[in-house]
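Quick caveat: nothing in here was measured; it's all calculated off a predicted structure. Because only heavy atoms are used, hydrogens play no part in the values below, and waters and symmetry mates are left out as well, while side chains stay in.
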Amino acid sequence: MKYLIALLLVSTILAAIPTKVTNCMANPKIVFTEATFSVTPAKGVDETITLYGTANEHAELANVQLKAKWNGMDAFEDNYPEDEVYDKGDRVTYEMTQNFPTFTPSGKIVVQMWFQNAKGTNFACAEVGFVI
């Protein structure tokens with residue numbers, strides 16, 4: 001039983017694939033310092049991107065606007081309603097799951113996640129990139 005629990009813990013830890021995250025706006029209310037993928041990005045696979053950061057000041061999240069570029073061209077945009085409140089110093093963990101259909105062209109994908117308040121004002125942005 002101990003072996004099984006240890007194996008589950010190791011597989012869970014190894015399942016997160018670290019990737020580079022860039023803060024894509026000046027003076028964000030949340031600064032993201034780390035990001036992971038649940039699996040290696042691939043076509044036709046559910047992919048969870050997890051962002052980790054810290055709130056620099058009070059922020060009320062009402063929406064995350066996802067913008068994706070393929071080889072530098074706008075490819076996809078969508079909105080994901082949220083209802084979270086962060087105070088200064090709070091640790092922030094945000095997860096988003098996407099599936100790139102099998103017909104997605106191969107190339108470099110850059111995803112920006114814009115964090116917005118109820119008025120639609122951006123207060124943070126995280127960018128990750130990968131090749132599929």
Are any side-chain N or O atoms of [X] and backbone N or O atoms of [Y], one a donor and one an acceptor, separated by less than 3.5 Å?
| X | Y | answer |
| --- | --- | --- |
| Asn71 | Lys108 | yes |
| Asn117 | Lys119 | yes |
| Lys43 | Thr104 | yes |

To check you understand the geometry: which heavy-atom pair defines the closest contact between [X] and [Y], and what is its length?
| X | Y | answer |
| --- | --- | --- |
| Ala124 | Pro28 | CA-CB, 4.0 Å |
| Ala35 | Val128 | CB-CG1, 4.0 Å |
| Cys24 | Ala126 | SG-N, 3.6 Å |

Evaluate the side-chain proximity of [Y] to [X]: yes if any heavy-atom separation is below 4.5 Å, no if none is.
| X | Y | result |
| --- | --- | --- |
| Pro105 | Trp70 | yes |
| Thr36 | Tyr52 | yes |
| His58 | Val85 | yes |
| Gln65 | Met113 | no |
| Thr48 | Thr97 | yes |
| Val45 | Asn99 | no |
| Thr19 | Val21 | no |
| Ile132 | Ile109 | yes |

Whether the [X] and [Y] side chains hold a donor-acceptor pair (N or O, under 3.5 Å, no angle test) is what I'd like checked.
| X | Y | value |
| --- | --- | --- |
| Tyr94 | Glu82 | yes |
| Glu47 | Gln98 | no |
| Gln116 | Trp114 | no |
| Lys88 | Thr54 | no |

Connected via hydrophobic side-chain network under 4.5 Å: Val110 and Met96: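 They do not share one cluster, since no chain of ILVMFWY contacts under 4.5 Å joins Val110 to Met96.
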If two hydrophobic side chains count as joined below 4.5 Å and joins carry through other members, does Val92 share a cluster with Leu66?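 The answer is yes; both residues are in one hydrophobic cluster.
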Determine the interplanar angle of the Phe32 and Phe115 rings, folded into 0 to 90°, and report it as parallel if under 30°, tilted if 30 to 60°, perpendicular if over 60°. tilted
